[in-house]
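Take a look at the structure below.
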Amino acid sequence: MLLTVSWLLRWGAYVLAGCETFARISLGPAARTVTIVAYVLSGALMALWSAAELRAARPGATPWRSPLLMPVLLGTIAVASGAAATLPDAGTMIAMTVIAVLSAASDHPLPTAWSVTGAGVLAIETAQLITGASTGIALGYPATLVVGMLVGRNRRSDRVRAEQAAVLLARSEELRAQADELREQQRQVAVLDERTRIAREIHDVLAHSLGALGIQIQAARALLTDDGDVERAVGVLGVAQRIASDGLTETRRAVHALRTDTPPLDEELARMTATHRQRHGTRARLTVRGTPVPLPADQTLALVRTAQESLTNAAKHAKDRPVTLTLRYGDDDVTLTVRNPLPPADEGAAPGFSTVDGGYGLTGMRERLLLLGGALTAGPAGDGEWRVAARVPR
(Lines give C-alpha, C1' and ligand atoms only; values in the text may rest on other atoms or scores of the structure.)
Protein backbone atom coordinates (compact mmCIF):
# COMPACT_ATOMS: atom_id res chain seq x y z
CA MET A 1 0.00 0.00 0.00
CA LEU A 2 2.75 2.47 0.91
CA LEU A 3 4.66 1.55 -2.25
CA THR A 4 1.60 2.26 -4.38
CA VAL A 5 1.05 5.63 -2.73
CA SER A 6 4.73 6.46 -3.18
CA TRP A 7 4.55 5.74 -6.88
CA LEU A 8 1.35 7.74 -7.30
CA LEU A 9 3.17 10.73 -5.82
CA ARG A 10 6.18 10.18 -8.09
CA TRP A 11 4.08 9.94 -11.21
CA GLY A 12 2.07 12.94 -10.09
CA ALA A 13 5.30 14.95 -9.78
CA TYR A 14 6.37 13.69 -13.20
CA VAL A 15 3.12 14.82 -14.83
CA LEU A 16 3.12 18.21 -13.10
CA ALA A 17 6.75 18.80 -14.13
CA GLY A 18 5.87 18.03 -17.74
CA CYS A 19 2.82 20.31 -17.72
CA GLU A 20 4.80 23.16 -16.17
CA THR A 21 7.72 22.74 -18.56
CA PHE A 22 5.91 22.30 -21.90
CA ALA A 23 3.29 24.94 -21.18
CA ARG A 24 5.88 27.70 -21.44
CA ILE A 25 5.63 29.62 -24.72
CA SER A 26 9.19 30.99 -24.48
CA LEU A 27 10.74 27.51 -24.72
CA GLY A 28 12.62 27.45 -28.05
CA PRO A 29 12.50 24.62 -30.60
CA ALA A 30 15.96 23.26 -29.78
CA ALA A 31 15.44 23.51 -26.05
CA ARG A 32 11.98 21.97 -26.45
CA THR A 33 13.42 19.03 -28.38
CA VAL A 34 16.12 18.37 -25.77
CA THR A 35 13.60 18.73 -22.97
CA ILE A 36 11.15 16.34 -24.63
CA VAL A 37 13.88 13.73 -25.13
CA ALA A 38 15.00 14.07 -21.50
CA TYR A 39 11.39 13.96 -20.28
CA VAL A 40 10.44 10.89 -22.31
CA LEU A 41 13.66 9.10 -21.36
CA SER A 42 13.06 9.85 -17.68
CA GLY A 43 9.47 8.62 -18.01
CA ALA A 44 10.55 5.38 -19.67
CA LEU A 45 13.17 4.77 -17.02
CA MET A 46 10.62 5.55 -14.28
CA ALA A 47 8.25 3.01 -15.82
CA LEU A 48 10.98 0.37 -15.73
CA TRP A 49 11.87 1.44 -12.20
CA SER A 50 8.28 1.16 -10.98
CA ALA A 51 7.85 -2.22 -12.68
CA ALA A 52 10.98 -3.50 -10.97
CA GLU A 53 9.89 -2.33 -7.50
CA LEU A 54 6.31 -3.55 -7.85
CA ARG A 55 7.51 -6.93 -9.13
CA ALA A 56 9.96 -7.29 -6.23
CA ALA A 57 7.19 -6.44 -3.75
CA ARG A 58 5.07 -9.43 -4.77
CA PRO A 59 5.07 -12.38 -2.31
CA GLY A 60 7.58 -15.01 -3.37
CA ALA A 61 9.01 -12.89 -6.19
CA THR A 62 12.69 -13.26 -7.03
CA PRO A 63 14.78 -10.10 -7.05
CA TRP A 64 16.43 -8.74 -10.18
CA ARG A 65 19.63 -10.60 -10.92
CA SER A 66 21.77 -7.55 -11.70
CA PRO A 67 22.69 -5.45 -8.64
CA LEU A 68 23.55 -2.54 -10.98
CA LEU A 69 20.05 -2.22 -12.44
CA MET A 70 18.65 0.26 -9.94
CA PRO A 71 21.80 2.42 -9.65
CA VAL A 72 21.95 2.70 -13.46
CA LEU A 73 18.24 3.58 -13.73
CA LEU A 74 18.37 6.21 -11.00
CA GLY A 75 21.67 7.63 -12.24
CA THR A 76 20.36 7.97 -15.81
CA ILE A 77 17.21 9.73 -14.60
CA ALA A 78 19.31 12.10 -12.50
CA VAL A 79 21.64 12.89 -15.44
CA ALA A 80 18.91 13.38 -18.07
CA SER A 81 16.59 15.46 -15.88
CA GLY A 82 19.43 17.42 -14.27
CA ALA A 83 20.93 18.38 -17.64
CA ALA A 84 17.52 19.41 -19.04
CA ALA A 85 16.79 21.49 -15.94
CA THR A 86 19.57 23.93 -16.87
CA LEU A 87 17.75 24.91 -20.09
CA PRO A 88 15.75 28.15 -20.06
CA ASP A 89 12.28 27.74 -18.54
CA ALA A 90 12.86 23.96 -17.90
CA GLY A 91 13.84 24.24 -14.26
CA THR A 92 10.93 22.08 -13.08
CA MET A 93 12.73 19.07 -14.58
CA ILE A 94 15.00 19.19 -11.52
CA ALA A 95 12.13 17.54 -9.64
CA MET A 96 12.85 14.24 -11.44
CA THR A 97 16.51 14.44 -10.42
CA VAL A 98 15.55 15.09 -6.78
CA ILE A 99 13.17 12.08 -6.85
CA ALA A 100 15.97 9.85 -8.15
CA VAL A 101 18.42 11.11 -5.51
CA LEU A 102 15.87 10.71 -2.70
CA SER A 103 15.15 7.12 -3.72
CA ALA A 104 18.84 6.24 -4.07
CA ALA A 105 19.61 7.67 -0.62
CA SER A 106 16.64 6.16 1.21
CA ASP A 107 16.34 2.74 -0.45
CA HIS A 108 19.93 1.84 -1.34
CA PRO A 109 23.40 1.71 0.27
CA LEU A 110 25.46 4.84 0.73
CA PRO A 111 27.74 4.25 -2.32
CA THR A 112 24.67 4.17 -4.59
CA ALA A 113 23.34 7.36 -3.00
CA TRP A 114 26.61 9.21 -3.54
CA SER A 115 26.94 7.84 -7.10
CA VAL A 116 23.47 9.00 -8.18
CA THR A 117 23.91 12.37 -6.45
CA GLY A 118 27.33 12.85 -7.98
CA ALA A 119 26.07 11.92 -11.46
CA GLY A 120 23.24 14.46 -11.14
CA VAL A 121 25.57 17.22 -9.92
CA LEU A 122 28.09 16.48 -12.68
CA ALA A 123 25.36 16.60 -15.33
CA ILE A 124 24.05 19.92 -14.01
CA GLU A 125 27.48 21.53 -13.92
CA THR A 126 28.40 20.24 -17.39
CA ALA A 127 25.11 21.39 -18.90
CA GLN A 128 25.47 24.77 -17.18
CA LEU A 129 28.76 25.31 -18.95
CA ILE A 130 27.17 24.41 -22.31
CA THR A 131 23.93 26.34 -21.93
CA GLY A 132 25.42 29.27 -20.05
CA ALA A 133 22.89 29.00 -17.22
CA SER A 134 23.11 31.36 -14.30
CA THR A 135 25.40 30.91 -11.31
CA GLY A 136 22.31 30.43 -9.13
CA ILE A 137 21.43 27.31 -11.10
CA ALA A 138 25.03 26.08 -11.01
CA LEU A 139 25.09 26.38 -7.21
CA GLY A 140 21.43 26.00 -6.21
CA TYR A 141 20.59 22.77 -8.06
CA PRO A 142 23.59 20.79 -6.73
CA ALA A 143 22.86 22.08 -3.22
CA THR A 144 19.26 20.90 -3.67
CA LEU A 145 20.48 17.43 -4.66
CA VAL A 146 22.82 17.25 -1.66
CA VAL A 147 19.97 18.25 0.66
CA GLY A 148 17.75 15.64 -0.99
CA MET A 149 20.45 13.01 -0.47
CA LEU A 150 20.74 13.91 3.23
CA VAL A 151 16.95 13.79 3.65
CA GLY A 152 16.91 10.37 2.00
CA ARG A 153 19.64 9.06 4.32
CA ASN A 154 17.68 10.28 7.33
CA ARG A 155 14.61 8.47 6.04
CA ARG A 156 16.68 5.33 5.60
CA SER A 157 18.05 5.62 9.14
CA ASP A 158 14.54 6.05 10.54
CA ARG A 159 13.31 3.05 8.58
CA VAL A 160 16.24 0.91 9.70
CA ARG A 161 15.62 1.87 13.33
CA ALA A 162 11.93 1.08 12.93
CA GLU A 163 12.75 -2.32 11.42
CA GLN A 164 15.22 -3.06 14.20
CA ALA A 165 12.64 -2.02 16.79
CA ALA A 166 10.11 -4.33 15.15
CA VAL A 167 12.61 -7.20 15.21
CA LEU A 168 13.41 -6.53 18.86
CA LEU A 169 9.73 -6.34 19.70
CA ALA A 170 9.06 -9.63 17.93
CA ARG A 171 12.02 -11.19 19.73
CA SER A 172 10.75 -9.79 23.02
CA GLU A 173 7.31 -11.26 22.38
CA GLU A 174 8.91 -14.59 21.50
CA LEU A 175 10.97 -14.58 24.68
CA ARG A 176 7.91 -13.62 26.68
CA ALA A 177 5.97 -16.49 25.15
CA GLN A 178 8.85 -18.85 25.93
CA ALA A 179 8.99 -17.53 29.49
CA ASP A 180 5.25 -18.07 29.88
CA GLU A 181 5.61 -21.60 28.52
CA LEU A 182 8.52 -22.26 30.87
CA ARG A 183 6.53 -20.96 33.85
CA GLU A 184 3.63 -23.20 32.85
CA GLN A 185 5.95 -26.20 32.63
CA GLN A 186 7.45 -25.32 36.01
CA ARG A 187 3.95 -25.05 37.45
CA GLN A 188 3.03 -28.46 36.06
CA VAL A 189 6.25 -29.96 37.42
CA ALA A 190 5.52 -28.39 40.81
CA VAL A 191 2.00 -29.82 40.74
CA LEU A 192 3.29 -33.28 39.86
CA ASP A 193 5.97 -33.03 42.52
CA GLU A 194 3.38 -32.00 45.08
CA ARG A 195 1.15 -34.91 44.11
CA THR A 196 4.08 -37.29 44.40
CA ARG A 197 4.99 -36.03 47.85
CA ILE A 198 1.38 -36.21 49.03
CA ALA A 199 1.07 -39.75 47.63
CA ARG A 200 4.26 -40.69 49.48
CA GLU A 201 2.88 -39.21 52.69
CA ILE A 202 -0.37 -41.15 52.34
CA HIS A 203 1.55 -44.34 51.58
CA ASP A 204 3.73 -43.93 54.65
CA VAL A 205 0.80 -43.17 56.95
CA LEU A 206 -1.20 -46.13 55.67
CA ALA A 207 1.79 -48.46 55.83
CA HIS A 208 2.45 -47.50 59.44
CA SER A 209 -1.21 -47.71 60.46
CA LEU A 210 -1.87 -51.00 58.71
CA GLY A 211 1.33 -52.49 60.12
CA ALA A 212 0.35 -51.53 63.68
CA LEU A 213 -3.20 -52.69 63.04
CA GLY A 214 -1.95 -56.08 61.87
CA ILE A 215 0.06 -56.49 65.06
CA GLN A 216 -3.00 -55.77 67.24
CA ILE A 217 -5.20 -58.14 65.26
CA GLN A 218 -2.55 -60.86 65.51
CA ALA A 219 -2.37 -60.33 69.28
CA ALA A 220 -6.17 -60.49 69.62
CA ARG A 221 -6.25 -63.68 67.59
CA ALA A 222 -3.60 -65.25 69.81
CA LEU A 223 -5.53 -64.29 72.95
CA LEU A 224 -8.70 -65.85 71.58
CA THR A 225 -7.26 -69.05 70.14
CA ASP A 226 -4.46 -69.81 72.60
CA ASP A 227 -5.66 -68.35 75.90
CA GLY A 228 -9.39 -67.94 75.37
CA ASP A 229 -9.12 -64.55 77.10
CA VAL A 230 -12.07 -62.71 75.54
CA GLU A 231 -11.77 -59.64 77.78
CA ARG A 232 -8.16 -58.96 76.89
CA ALA A 233 -8.88 -59.70 73.22
CA VAL A 234 -11.68 -57.13 73.27
CA GLY A 235 -9.25 -54.59 74.75
CA VAL A 236 -6.69 -55.31 72.06
CA LEU A 237 -9.37 -54.95 69.37
CA GLY A 238 -10.30 -51.62 70.91
CA VAL A 239 -6.71 -50.50 70.51
CA ALA A 240 -6.82 -51.75 66.91
CA GLN A 241 -9.95 -49.68 66.32
CA ARG A 242 -8.24 -46.57 67.68
CA ILE A 243 -5.22 -47.25 65.46
CA ALA A 244 -7.47 -47.49 62.41
CA SER A 245 -9.23 -44.27 63.36
CA ASP A 246 -5.93 -42.49 63.99
CA GLY A 247 -4.65 -43.77 60.66
CA LEU A 248 -7.59 -42.25 58.82
CA THR A 249 -7.07 -38.96 60.64
CA GLU A 250 -3.37 -38.90 59.82
CA THR A 251 -4.15 -39.73 56.18
CA ARG A 252 -6.39 -36.68 55.93
CA ARG A 253 -3.75 -34.55 57.61
CA ALA A 254 -1.04 -35.85 55.24
CA VAL A 255 -2.75 -34.20 52.27
CA HIS A 256 -2.04 -30.82 53.84
CA ALA A 257 1.06 -31.75 55.79
CA LEU A 258 3.50 -30.08 53.42
CA ARG A 259 1.47 -26.85 53.28
CA THR A 260 0.90 -26.33 56.99
CA ASP A 261 3.08 -25.92 60.02
CA THR A 262 4.28 -29.18 61.49
CA PRO A 263 5.03 -29.69 65.21
CA PRO A 264 8.69 -29.49 66.27
CA LEU A 265 10.53 -32.70 65.53
CA ASP A 266 11.51 -33.45 69.13
CA GLU A 267 7.93 -32.95 70.34
CA GLU A 268 6.50 -35.18 67.63
CA LEU A 269 9.01 -37.94 68.36
CA ALA A 270 8.26 -37.67 72.10
CA ARG A 271 4.56 -38.11 71.37
CA MET A 272 5.23 -41.14 69.15
CA THR A 273 7.48 -42.70 71.78
CA ALA A 274 4.80 -42.33 74.45
CA THR A 275 2.16 -43.78 72.13
CA HIS A 276 4.34 -46.78 71.33
CA ARG A 277 5.03 -47.37 75.01
CA GLN A 278 1.30 -47.21 75.83
CA ARG A 279 0.08 -49.40 72.98
CA HIS A 280 2.64 -52.18 73.20
CA GLY A 281 3.50 -52.09 76.89
CA THR A 282 7.21 -52.01 76.20
CA ARG A 283 9.93 -49.63 77.26
CA ALA A 284 10.55 -46.82 74.79
CA ARG A 285 12.82 -43.88 75.45
CA LEU A 286 13.73 -40.74 73.47
CA THR A 287 17.02 -38.90 74.00
CA VAL A 288 17.59 -35.47 72.44
CA ARG A 289 21.16 -34.24 72.07
CA GLY A 290 22.12 -30.77 70.98
CA THR A 291 19.95 -27.69 70.70
CA PRO A 292 16.68 -28.32 68.82
CA VAL A 293 16.31 -26.14 65.72
CA PRO A 294 13.35 -25.78 63.32
CA LEU A 295 13.59 -27.94 60.21
CA PRO A 296 11.77 -27.66 56.88
CA ALA A 297 8.51 -29.59 56.70
CA ASP A 298 9.95 -32.13 54.23
CA GLN A 299 12.84 -33.02 56.51
CA THR A 300 10.69 -33.15 59.64
CA LEU A 301 8.15 -35.45 57.99
CA ALA A 302 10.89 -37.69 56.61
CA LEU A 303 12.37 -38.27 60.08
CA VAL A 304 8.91 -38.71 61.62
CA ARG A 305 7.96 -41.35 59.04
CA THR A 306 11.29 -43.09 59.58
CA ALA A 307 10.59 -43.25 63.31
CA GLN A 308 7.08 -44.58 62.68
CA GLU A 309 8.33 -47.31 60.37
CA SER A 310 11.10 -48.27 62.78
CA LEU A 311 8.72 -48.47 65.75
CA THR A 312 6.27 -50.58 63.74
CA ASN A 313 9.06 -52.98 62.75
CA ALA A 314 10.25 -53.17 66.35
CA ALA A 315 6.76 -54.02 67.61
CA LYS A 316 6.35 -56.64 64.90
CA HIS A 317 9.73 -58.35 64.89
CA ALA A 318 11.07 -57.63 68.41
CA LYS A 319 7.96 -57.80 70.52
CA ASP A 320 8.25 -56.86 74.23
CA ARG A 321 11.80 -55.57 73.74
CA PRO A 322 12.86 -51.99 74.58
CA VAL A 323 13.28 -49.36 71.91
CA THR A 324 15.66 -46.41 72.14
CA LEU A 325 15.37 -43.30 69.97
CA THR A 326 18.22 -40.80 69.84
CA LEU A 327 17.77 -37.44 68.11
CA ARG A 328 21.00 -35.50 67.63
CA TYR A 329 21.15 -31.90 66.37
CA GLY A 330 24.59 -31.38 64.86
CA ASP A 331 26.18 -28.34 63.26
CA ASP A 332 25.60 -29.58 59.71
CA ASP A 333 22.92 -32.24 60.02
CA VAL A 334 20.22 -33.82 62.18
CA THR A 335 20.40 -37.55 62.87
CA LEU A 336 17.75 -39.92 64.20
CA THR A 337 18.84 -43.34 65.46
CA VAL A 338 16.36 -46.08 66.49
CA ARG A 339 17.76 -49.16 68.26
CA ASN A 340 16.19 -52.27 69.67
CA PRO A 341 17.60 -55.71 70.66
CA LEU A 342 17.35 -58.44 68.07
CA PRO A 343 15.20 -61.47 69.04
CA PRO A 344 17.02 -64.72 69.83
CA ALA A 345 17.75 -66.98 66.88
CA ASP A 346 15.37 -69.67 68.17
CA GLU A 347 12.43 -67.23 67.90
CA GLY A 348 13.08 -66.75 64.19
CA ALA A 349 13.22 -63.17 63.06
CA ALA A 350 11.13 -62.35 60.05
CA PRO A 351 13.13 -62.17 56.81
CA GLY A 352 11.90 -58.68 56.11
CA PHE A 353 13.63 -57.45 59.24
CA SER A 354 17.08 -58.53 58.18
CA THR A 355 17.94 -55.83 55.65
CA VAL A 356 16.76 -52.41 54.70
CA ASP A 357 15.54 -53.71 51.35
CA GLY A 358 13.47 -56.36 53.04
CA GLY A 359 10.76 -53.88 54.03
CA TYR A 360 9.28 -51.57 51.41
CA GLY A 361 8.56 -48.96 54.07
CA LEU A 362 12.22 -48.46 54.98
CA THR A 363 13.14 -48.52 51.31
CA GLY A 364 10.66 -45.71 50.73
CA MET A 365 12.16 -43.81 53.66
CA ARG A 366 15.63 -44.15 52.18
CA GLU A 367 14.43 -42.85 48.80
CA ARG A 368 12.76 -39.89 50.47
CA LEU A 369 15.88 -39.01 52.44
CA LEU A 370 18.05 -39.28 49.34
CA LEU A 371 15.79 -36.74 47.62
CA LEU A 372 16.40 -34.40 50.55
CA GLY A 373 20.17 -34.86 50.43
CA GLY A 374 20.16 -37.20 53.42
CA ALA A 375 20.77 -40.91 53.96
CA LEU A 376 19.31 -43.94 55.68
CA THR A 377 21.05 -47.07 56.95
CA ALA A 378 19.38 -50.03 58.59
CA GLY A 379 20.69 -53.38 59.73
CA PRO A 380 22.02 -55.39 62.65
CA ALA A 381 24.71 -53.75 64.77
CA GLY A 382 27.64 -55.57 66.30
CA ASP A 383 26.16 -55.48 69.80
CA GLY A 384 23.11 -57.65 68.96
CA GLU A 385 20.85 -54.75 68.14
CA TRP A 386 18.89 -53.70 65.09
CA ARG A 387 19.68 -50.09 64.26
CA VAL A 388 18.08 -47.61 61.87
CA ALA A 389 19.93 -44.32 61.36
CA ALA A 390 18.46 -41.47 59.32
CA ARG A 391 20.27 -38.21 58.54
CA VAL A 392 19.13 -34.96 56.94
CA PRO A 393 21.25 -31.85 56.27
CA ARG A 394 20.55 -28.62 58.11
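When a residue number appears, it is its place in the shown sequence, counting from 1.
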Could you walk me through whether Leu168 and Ser172 satisfy the side chain to side chain contact (heavy atoms under 4.5 Å, CB included) test, starting with their C-alpha distance in whole Å, then the side-chain angles of each, then the deciding distance to 0.1 Å, before giving a yes or no? CA-CA 6 Å; Leu168 291 176; Ser172 176; over 6 Å; no
Arg155 bridged to Asp158 by N-O distance under 4.0 Å: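 Salt bridge: no.
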Find the distance between [atom1] ([X]) and [atom2] ([Y]) and round it off to the nearest 0.5 Å.
| X | Y | atom1 | atom2 | result |
| --- | --- | --- | --- | --- |
| Leu73 | Leu48 | CG | CG | 5.0 Å |
| Asp180 | Glu173 | CG | CD | 9.5 Å |
| Leu327 | Leu265 | CG | CG | 5.0 Å |
| Ser134 | Leu139 | OG | CG | 9.0 Å |
| His108 | Arg153 | NE2 | CZ | 10.5 Å |
| Arg391 | Thr337 | CZ | OG1 | 11.5 Å |

Verify same cluster id: [X], [Y] (apolar side-chain graph, 4.5 Å):
| X | Y | result |
| --- | --- | --- |
| Val388 | Val323 | yes |
| Leu371 | Leu303 | no |
| Met96 | Ile36 | yes |
| Val37 | Ile94 | no |
| Leu342 | Ile215 | no |

Go through the structure and list residues passing salt bridge (charged side-chain N to carboxylate O under 4.0 Å, His left out) with Glu231, not counting sequence neighbours. none
Any side-chain heavy atom of [X] sitting closer than 4.5 Å to one from [Y]?
| X | Y | value |
| --- | --- | --- |
| Val230 | Leu224 | yes |
| Met149 | Leu145 | no |
| Val146 | Pro142 | no |
| Arg368 | Leu301 | yes |
| Gln178 | Leu182 | no |
| Thr300 | Glu268 | no |
| Tyr329 | Asp266 | yes |
| Leu311 | Met272 | yes |

Using only atom types and a distance under 3.5 Å, with no angle test, would you say the side chain of [X] pairs donor to acceptor with the backbone of [Y]?
| X | Y | answer |
| --- | --- | --- |
| Arg328 | Thr335 | no |
| Tyr14 | Tyr39 | yes |
| Thr126 | Ala123 | no |
| Arg394 | Val334 | no |

side-chain contact (heavy atoms from CB on, under 4.5 Å) partners for Arg10, two or more places apart: Ser6, Trp7, Met46, Trp49, Glu53, Ile99, Ser103, Asp107
Taking only residues two or more places apart in sequence or in another chain, which ones pass side-chain contact (heavy atoms from CB on, under 4.5 Å) with Thr131?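 Thr131: side-chain contact (heavy atoms from CB on, under 4.5 Å) contacts with Thr86, Leu87, Ala133.
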Return the minimal non-hydrogen interatomic distance between [X] and [Y], and the atom names on each side.
| X | Y | answer |
| --- | --- | --- |
| Ala38 | Ala80 | CB-O, 3.6 Å |
| Thr92 | Ala17 | OG1-O, 3.4 Å |
| Ala100 | Leu74 | CB-O, 3.6 Å |
| Gly290 | Pro292 | O-CD, 3.4 Å |
| Ala302 | Leu369 | CB-CD2, 3.8 Å |
| Ala84 | Ala90 | O-CB, 3.4 Å |

Of all pairs that satisfy ring-ring contact (aromatic ring centres under 6.0 Å, His included), the ones with a partner from residues 272-309, not counting sequence neighbours: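 For residues 272-309: His276-His280.
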Stepwise side-chain hydrogen bond (donor to acceptor under 3.5 Å, both in side chains) test for Arg161 and Gln164: CA-CA 5 Å; Arg161 283 194 294 268; Gln164 291 176 345; over 6 Å; no
Before giving the answer on side chain to side chain contact (heavy atoms under 4.5 Å, CB included), spell out for Glu163 and Val167 the whole-Å C-alpha distance, their side-chain angles and the decisive distance to 0.1 Å. CA-CA 6 Å; Glu163 291 174 353; Val167 171; 5.5 Å; no
Between Gln218 and Arg221, do the side chains contain an N or O donor and an N or O acceptor separated by less than 3.5 Å?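 On atom types as modelled, these side chains do not qualify, holding no pair under 3.5 Å.
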Sequence neighbours excluded - salt bridge (Lys or Arg N to Asp or Glu O under 4.0 Å) pairs with any residue from residues 108-131: none
Are there over 12 heavy-atom neighbours, none belonging to Trp114, within less than 6.0 Å of that residue's CH2? no
Among Arg339, Arg285, Arg283, find the residue that satisfies the side-chain contact (heavy atoms from CB on, under 4.5 Å) test when tested with Pro322. Arg283
From the list Thr326, Leu336, Val338, side-chain contact (heavy atoms from CB on, under 4.5 Å) partner of Leu269 resolves to Leu336
Under 4.5 Å side-chain linkage, directly or through intermediates, the cluster mates of Leu370: none
